[in-house]
**Student:** 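The structure under discussion is supplied below as structure tokens; questions concerning it will follow.
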Amino acid sequence: MPHLYLVDGSGYIFRAYHRLPPLTNKHGEPVGAVYGYTTMLWKLVDELHTADGPTHMAVVLDKSSKSFRNEMYDQYKAHRPPPPEDLVPQFPMIRDATRAFSLPCIDEEGWEADDLIASYAKAALAQGWQVTIVSSDKDLMQLVEDGSLDLYDTMNNRRLGREAVIEKFGVEPAKLGEVLALMGDSVDNVPGVPGVGPKTAAKLILEHGDVEGVLAAAPDMKKGKLRDNLIEHADMARLSRKLVTLACDVPLPHALEEMELQGIPDAPLRAFLEHHGFKSLLAKLSAVADAPVATPAVPGAPEAEADPPCDHDAYETVTDAARLDHWIQIARHQGFVAIDTETTGLDATRADLVGVSLALHPNLACYIPVGHGGSDMFAERPEQIDRAVVVAKLKELFEDPSVLKIGHNLKYDMIVLGRLGIAVAPYDDTIVMSFDLDAGLHGHGMDELAATHLAHSCIAYKDVVGTGKKQLGFGEIDLKSATRYAAEDADVTLRLWRRLKPRLTFEGGTRVYEMVDRPLPAVIAGMESAGVKVDPDLLARLSTDFAHQIAALEEQVHAIAGFKFTIGSPKQLGDVLFDKMGIKGGRKGKSGVYSTDVNELERIAADKDSPGREMVAKVLEWRQLSKLKSTYTDALQAQINPATGRVHTSYSLTGAQTGRLSSTDPNLQNIPIRTEIGRQIRDAFVAEPGNVILAADYSQIELRLAAHIADVPQLRDAFARGDDIHNMTAQELFGEVNRDTRGRAKTINFAILYGISRWGLAGRLDVSADEAQGMIDRYFERFPGINRYIADTLTEAKARGYTETLFGRKTHFPRLKSPNPNERAGSERAAINAPIQGTSADIIKRAMARMGPALAAAGLPDTRMLMQVHDELVFELPEGDVTRATEVIRHVMATAAEPAVTLSVPLGVDVGTGKSWGAAH
DNA sequence: TGAATCACG
DNA sequence: GACGTACGTGATTCAA
């Protein structure tokens, strides 16, 4: 007779987590619960062919924390703390483990694992099967039937049948629901009746049959607290009765036959165990290698078969609502869908939706046009579903918590869809996944990834819309061509996801993906959509002001030269200074042009005897003003979005190899601050009336992280005391603290982080290479952790080809093995810096991900995060909220590493506010 | 399109 | 012994 084992995976993993020590695997991922779960599954599967062993098995999990019970009672499970942070990344691994055993993994939105277990159990019993539920959950004990259904607690190795239930609760399993209802449950927040515990509940039920019987009998009971409580809380008792009732009629997506157990599969299980380095289990696997072998294909595992090539003619153009419903229905059923949007432009904050594509499986993809034709009055508008209908239908799918949306650079789509009222969740982003796996090895654009991973060359956008004057908007493309291009994008995205997702697990990328990067696309989409207000009048005033000064300087420079030339041309300027005016010491670069950068010009300006002193000073001033005008005051005005009156930058999540963000169009991460004249530009970044700008920045975060990572006690103590770190370094290195030694110490502190050479330091400090070497030696002597860190980091980077941050972010350095010594040396310096810069980036990203929820929880929904500048977050908020917001922001930033990483140095956060960004500093 | 320059952390 | 000299970015301008 078939014997079905239903494993309560969710219940198990929580118990395993708390019972087992916090193990980590070789990738630094927490795996304690996964290890416990794997051994448990194995033990069960091993019992196939034994007397009471399973013939069929499935694992049942909770899909989300919400179920139909929350609709009955909004307080249900309301006091449950979120799962521990180092347990969260283990949830996907539990699914990996289950797949490695080729077992079905069952979860359904809106239902708890208990309901699914009850429903499958009933279905199996109805066919005359034997059922064992692997769990120790008391709610599931309601299902026990003498001789046909029992519970199995693998942690104590105990089976639990009718007798055990009676012993534990004093009633038959069939009456257990009545008892549980009266008792209530503080963990799940089932109210029950106050003052009624297991003993009283059992007594009452034995006497009166069920909850209704007890409530009916209450008025006749002897006066006392119990009677009063039963009468007063009758409604809560009835509600509790419903809450503890298991749903036995959930639609069942998996046939019981699919759950047939084949034995221990070799290849996928071996790959899984090797990935985590579960050595004892690997040994065990080798011992059972001759056992019956199942041969399932693990989707996306390294040995997975290649997908068929993209078939552009297989893609469907969806132009009627019924077909759209059909696609949505399959996506719902499948639980994941790749998506992509086509729009009228590149700037997500302005672009309008033209169409959406979906992909469900390789070559199973469609394009839903909504904005084709229309703009051209001569062309006929091709048949399309009404835009509002598409938006409404897609909103339901894209917001469905049980359907994973997969996109490539989803941030873009989120901004476009966000303006249509659609909030995409949950999601995976393949550009982020690729970055977390392969930063430093190659780019992460879709076309490049398709070529690298799928040996596929995507249709070029330019080939669809043309270039130059003849370039068309995507809405002007005929539906056939549009479908071929757009659906391919979704198809390729899906294919990439199938490749990359398992690699995250197998290569240790899950930790940084889940703990740092995954939340970022949504967070940054919010920041970009919000934008920042700039004062165009102030910028215009600065522009004219600068223009006048530039014109005056230009005239003076030409007068000194005696003729006109283009000051902005380094080539002409070099010729004027070094050839025509005969200034000595000109250095030509490889392109044969004299160097005229600031260092060179300042050198000339410092030389009292140089004939070019006057001109050079004016050129330097001219350069500064030209830069400010062209790059900032002029450009920024042009970047104001007329619809919002604000500037919306675009952050790249994959721009910097170390994990930092980068900012473009415009770059808001290089707005001047170091000189007074440039700083004025920050005054143009302003708050709306009634609001203020708040800037919060980490103080010396990279040096603090260096102190922690390299384990330098002196630096750690200095930060713990709150000392000025550059003063302290000056004291250590030079024996006295003054402006000069502090400045030098500061230079050296940074230089060390960047892996500088003695010549580099010599150039910076204007001393000889020998003197510079002396300072470096002294530094290493005073802070002995530092050279050990540098040596260890390089050794490891060379052996593995990559470095890692405290959160497991990898940065690859293929050029560490370059035959070119310069390239090699450059990579070595970058590798020394990457763990520090990267960890800093990880920490502020975690702060950003937590900031929205933390502000909302504190009742500060109007505090908006607008910008990130590597170690600084900028907010706009109502004046009255400053005090409370400051507290929340400071706390979130200071604790952002925890609990995943415990730092041995505190993280300091400086906060300032004002009407403008300039005033907030 | 690449080099040079310079703005930021 | 020569090489070329700090990590990470993006925008603008010139010149080919």
Side-chain angles (χ1 to χ4, degrees), chain A residues 439-440 565-574 587-601 619-620 622-636 638-639 649-652 654-675 677-679 681-682 697-703 706 747-765 769 772 776 803 811 813 820-838 840-841 844 867-873 917:
Chain A
F565 68 99
T566 309
I567 304 173
S569 164
K571 187 170 180 294
Q572 293 186 33
L573 180 66
R587 295 185 299 117
K588 283 191 177 179
K590 49 188 157 204
S591 55
V593 178
Y594 288 110
S595 169
T596 60
D597 65 17
V598 225
N599 292 328
E600 199 65 21
L601 296 194
V619 168
L620 281 170
W622 181 93
R623 276 205 183 144
Q624 183 187 17
L625 292 165
S626 306
K627 176 84 174 180
L628 293 175
K629 182 169 185 292
S630 68
T631 309
Y632 301 104
T633 56
D634 288 354
L636 228 34
Q639 291 276 3
T649 186
S650 174
Y651 291 100
S652 166
T654 58
Q657 307 303 325
T658 51
R660 272 192 179 178
L661 303 180
S662 68
S663 158
T664 58
D665 309 301
N667 181 353
L668 294 186
Q669 292 180 323
N670 71 347
I671 302 299
I673 191 169
R674 291 173 188 172
T675 66
I677 182 153
R679 218 177 162 131
I681 292 163
R682 293 201 173 213
D697 62 289
Y698 283 112
S699 150
Q700 308 284 10
I701 187 168
E702 292 197 6
L703 273 171
T747 299
I748 297 170
N749 273 329
F750 285 111
I752 295 291
L753 297 184
Y754 302 148
I756 200 177
S757 66
R758 71 181 110 151
W759 300 280
L761 186 60
R764 298 259 154 178
L765 292 180
I776 294 171
T803 61
T811 304
F813 293 95
N820 176 339
N822 293 328
E823 275 189 359
R824 224 165 43 227
S827 286
E828 287 178 2
R829 292 192 296 269
I832 290 166
N833 181 247
I836 297 166
Q837 189 182 112
S840 161
I844 197 167
M867 292 187 278
Q868 190 253 41
V869 193
H870 309 309
D871 64 357
E872 173 184 11
L873 295 174
W917 195 9

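Values reported hereafter were calculated over all heavy atoms of this structure, with side chains retained and with hydrogens, waters and symmetry mates removed. Reminder, nothing fancy here: chain letters follow the sequence lines and each chain counts from 1.
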**Student:** Indicate, with a heavy-atom threshold strictly under 4.0 Å, whether A:Gly763 touches base, sugar-phosphate, or nothing.
**Tutor:**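 Nothing: the residue A:Gly763, judged by heavy atoms under 4.0 Å, touches no strand.
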**Student:** Find the distance A:Arg764:CZ to C:dC7:C1' and express it as a whole number of Å.
**Tutor:**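 It is 10 Å, rounded to the nearest whole Å.
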**Student:** Can you figure out which of C:dT12, B:dA7, B:dC6 approaches the side chain of A:Thr631 most closely?
**Tutor:**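 For A:Thr631, the side-chain atoms sit closest to C:dT12.
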**Student:** Any base atoms under 4.0 Å from A:Pro821, or only sugar-phosphate, or nothing? Heavy atoms, all strands.
**Tutor:**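 No contact.
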**Student:** How is A:Glu872 classified with respect to the nucleic acid when contacts are heavy atoms under 4.0 Å: base, sugar-phosphate, or nothing?
**Tutor:**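 Answer is nothing: A:Glu872 stays at 4.0 Å or more from every strand.
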**Student:** Nearest whole Å is fine: how far is B:dC8 C1' from A:Asn670 CG?
**Tutor:**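 Value for this atom pair: 5 Å.
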**Student:** Hey, is the side chain of A:Thr596 poking within less than 4.0 Å of OP1 or OP2 on B:dT5, counting only N and O atoms?
**Tutor:**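 Indeed, a polar side-chain atom of A:Thr596 lies that close.
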**Student:** Nearest to the side chain of A:Tyr632, heavy atoms from C-beta on, is which of B:dA7, B:dT5, C:dT9?
**Tutor:**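 Nearest nucleotide to the side chain: B:dA7.
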**Student:** Checking all strands, does A:Ala825 fall into the base, sugar-phosphate, or nothing category for heavy-atom contacts under 4.0 angstrom?
**Tutor:**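 Since no nucleic acid heavy atom lies under 4.0 Å of A:Ala825, the category is nothing.
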**Student:** Figure out the CD1/P separation between A:Ile671 and C:dT9, and round it to whole Å.
**Tutor:**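 After rounding, the reported distance stands at 19 Å.
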**Student:** Would you mind reading off the distance between A:Lys571 atom NZ and B:dT5 atom P, rounded to a whole angstrom?
**Tutor:**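 Distance check: A:Lys571 NZ to B:dT5 P gives 13 Å.
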**Student:** B:dC6 pairs with which nucleotide, Watson-Crick or G-U wobble, both distances below 3.5 Å?
**Tutor:**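 The base-pairing partner of B:dC6, which may sit in any strand shown, is C:dG10.
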**Student:** Determine yes or no for a side-chain-to-main-chain donor-acceptor pair under 3.5 angstrom, with A:Thr675 supplying the side chain and A:Gly678 the backbone.
**Tutor:**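 Yes: the side chain of A:Thr675 pairs with the backbone of A:Gly678.
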**Student:** Can you check the A:Tyr651 OH to B:dC8 C1' distance for me, whole Å?
**Tutor:**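 Those two atoms, OH and C1', are 12 Å apart.
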**Student:** Taking B:dC8 as the reference, what is the distance to C:dA6 when you measure between their C1' atoms (whole Å, please)?
**Tutor:**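 C:dA6 and B:dC8 have their C1' atoms separated by 16 Å.
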**Student:** Could you check how far CG of A:Leu661 sits from P of B:dC8, rounded to whole Å?
**Tutor:**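 Going from A:Leu661 (CG) to B:dC8 (P), I get 19 Å.
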**Student:** Can you tell me if A:Thr811 uses its side chain to pair, donor with acceptor, with the backbone of A:Gln657 under 3.5 Å?
**Tutor:**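 Checked: pair present.
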**Student:** Using a heavy-atom cut-off of under 4.0 Å over every strand shown, decide if A:Gly568 touches base, sugar-phosphate, or nothing.
**Tutor:**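 Sugar-phosphate only.
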**Student:** Of the options C:dT5, C:dG10, C:dG8, whose atoms approach the side-chain atoms of A:Ala656 most closely?
**Tutor:**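 Of the candidates, C:dG8 comes closest.
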**Student:** If C:dC3 has a Watson-Crick or G-U wobble mate with both distances under 3.5 Å, name it; if not, just say none.
**Tutor:**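 When the pairing criteria are applied, nothing turns out to pair with C:dC3, so the answer is none.
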**Student:** Less than 4.0 angstrom between a side-chain N/O of A:Gln837 and OP1 or OP2 of C:dT9, yes or no?
**Tutor:**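 Looking at the OP1 and OP2 atoms of C:dT9, neither is under 4.0 Å from any side-chain N or O of A:Gln837.
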**Student:** Is the phosphate of B:dA7 approached by A:Arg674 (side-chain N or O, under 4.0 Å from OP1 or OP2)?
**Tutor:**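 For B:dA7, neither OP1 nor OP2 has a side-chain N or O of A:Arg674 closer than 4.0 Å.
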**Student:** Just by modelled atom types, is the A:Ile756 backbone N or O under 3.5 Å from a matching donor or acceptor in the A:Arg829 side chain?
**Tutor:**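 It does not hold such a pair.
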**Student:** Check the phosphate of C:dT13 against A:Thr566, side-chain N and O only, distance under 4.0 Å to OP1 or OP2. Yes or no?
**Tutor:**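 The answer is no; no side-chain N or O of A:Thr566 sits under 4.0 Å from OP1 or OP2.
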**Student:** Could you please name the option among C:dA16, C:dT12, C:dG10 that lies closest to any side-chain atom of A:Asn667?
**Tutor:**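 Among C:dA16, C:dT12, C:dG10, the one nearest the side chain of A:Asn667 is C:dG10.
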**Student:** How far, in whole Å, is C:dG4 from B:dA4 if one measures between their P atoms?
**Tutor:**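 Their P atoms lie roughly 13 Å apart.
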**Student:** Looking at A:Arg829, I'd like to know whether one of its side-chain N or O atoms comes within less than 4.0 Å of OP1 or OP2 on C:dA6.
**Tutor:**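 Looking at the OP1 and OP2 atoms of C:dA6, neither is under 4.0 Å from any side-chain N or O of A:Arg829.
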**Student:** Just by distance, do the side chain of A:Ser840 and the backbone of A:Ile836 share a donor-acceptor pair under 3.5 Å?
**Tutor:**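 No; judged by distance alone, with no hydrogens or angles, the pair does not exist.
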**Student:** Indicate, with a heavy-atom threshold strictly under 4.0 Å, whether A:Asp697 touches base, sugar-phosphate, or nothing.
**Tutor:**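 Here A:Asp697 touches no strand at all.
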**Student:** Have a look at A:Ser626 and say if it touches a base, only the backbone sugar-phosphate, or nothing, with a 4.0 Å heavy-atom cut-off.
**Tutor:**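 No contact at all - A:Ser626 keeps every heavy atom at 4.0 Å or more from the nucleic acid.
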**Student:** Taking the side chain of A:Thr747 as its heavy atoms from C-beta onward, which of C:dA6, B:dC6, B:dC8 lies nearest to it?
**Tutor:**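 Of C:dA6, B:dC6, B:dC8, C:dA6 is nearest to the side chain of A:Thr747.
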**Student:** Of the nucleotides C:dA6, C:dC7, B:dC6, which one has an atom closest to the side chain of A:Ala830?
**Tutor:**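 It is C:dC7.
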**Student:** Say whether, by atom type as modelled, one donor and one acceptor occur between the side chain of A:Glu702 and the main chain of A:Gln837 under 3.5 angstrom.
**Tutor:**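 Not at all, since once roles are kept as given, no pair shorter than 3.5 Å links the two residues.
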**Student:** Please report the closest heavy-atom contact between A:Ile832 and A:Gly755, naming both atoms and the distance.
**Tutor:**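 Closest pair (atom of A:Ile832, atom of A:Gly755, distance): CD1-CA, 4.1 Å.
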**Student:** B:dA7 P sits how many Å from A:His870 NE2, rounded?
**Tutor:**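 Rounded to whole Å, this separation is 16 Å.
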**Student:** Of the nucleotides C:dG10, B:dT5, C:dA15, which one has an atom closest to the side chain of A:Gln572?
**Tutor:**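 Given the options C:dG10, B:dT5, C:dA15, the side chain of A:Gln572 is closest to C:dA15.
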**Student:** Where the side chain of A:Ser630 is concerned, which of C:dT12, C:dG10, C:dT5 is the nearest nucleotide?
**Tutor:**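 Closest nucleotide to the A:Ser630 side chain: C:dT12.
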**Student:** Given 3.5 Å as the limit, does a donor-acceptor pair link the side chain of A:Thr566 with the main chain of A:Gly568, or not?
**Tutor:**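 Side chain of A:Thr566 to backbone of A:Gly568, a donor-acceptor pair under 3.5 Å: no, none is there.
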**Student:** Which nucleotide in the list C:dG8, C:dC7, B:dT5 gets nearest to the side chain of A:Tyr754?
**Tutor:**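 For A:Tyr754, the side-chain atoms sit closest to C:dC7.
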**Student:** Would you say A:Arg660 places a side-chain N or O within less than 4.0 Å of OP1 or OP2 belonging to C:dC7?
**Tutor:**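 Indeed not, no polar side-chain atom of A:Arg660 lies that close.
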**Student:** What contact category does A:Glu702 fall into here, base, sugar-phosphate, or nothing, at under 4.0 angstrom with non-hydrogen atoms?
**Tutor:**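 Nothing: the residue A:Glu702, judged by heavy atoms under 4.0 Å, touches no strand.
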**Student:** Please report, rounded to the nearest Å, how far the C1' atom of B:dA4 is from the NZ atom of A:Lys627.
**Tutor:**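 It works out to 10 Å between those atoms.
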**Student:** Base, sugar-phosphate or nothing for A:Ser757? Non-hydrogen atoms, less than 4.0 Å.
**Tutor:**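 A:Ser757: base contact, heavy atoms under 4.0 Å.
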**Student:** Considering only side-chain heavy atoms of A:Ala751, which listed nucleotide, C:dT9, C:dA6, B:dT5, is closest?
**Tutor:**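 Of C:dT9, C:dA6, B:dT5, C:dA6 is nearest to the side chain of A:Ala751.
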**Student:** If only atom types and distance count, is the side chain of A:Gln868 paired as donor or acceptor with the main-chain N or O of A:Leu873 below 3.5 Å?
**Tutor:**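 Absent.
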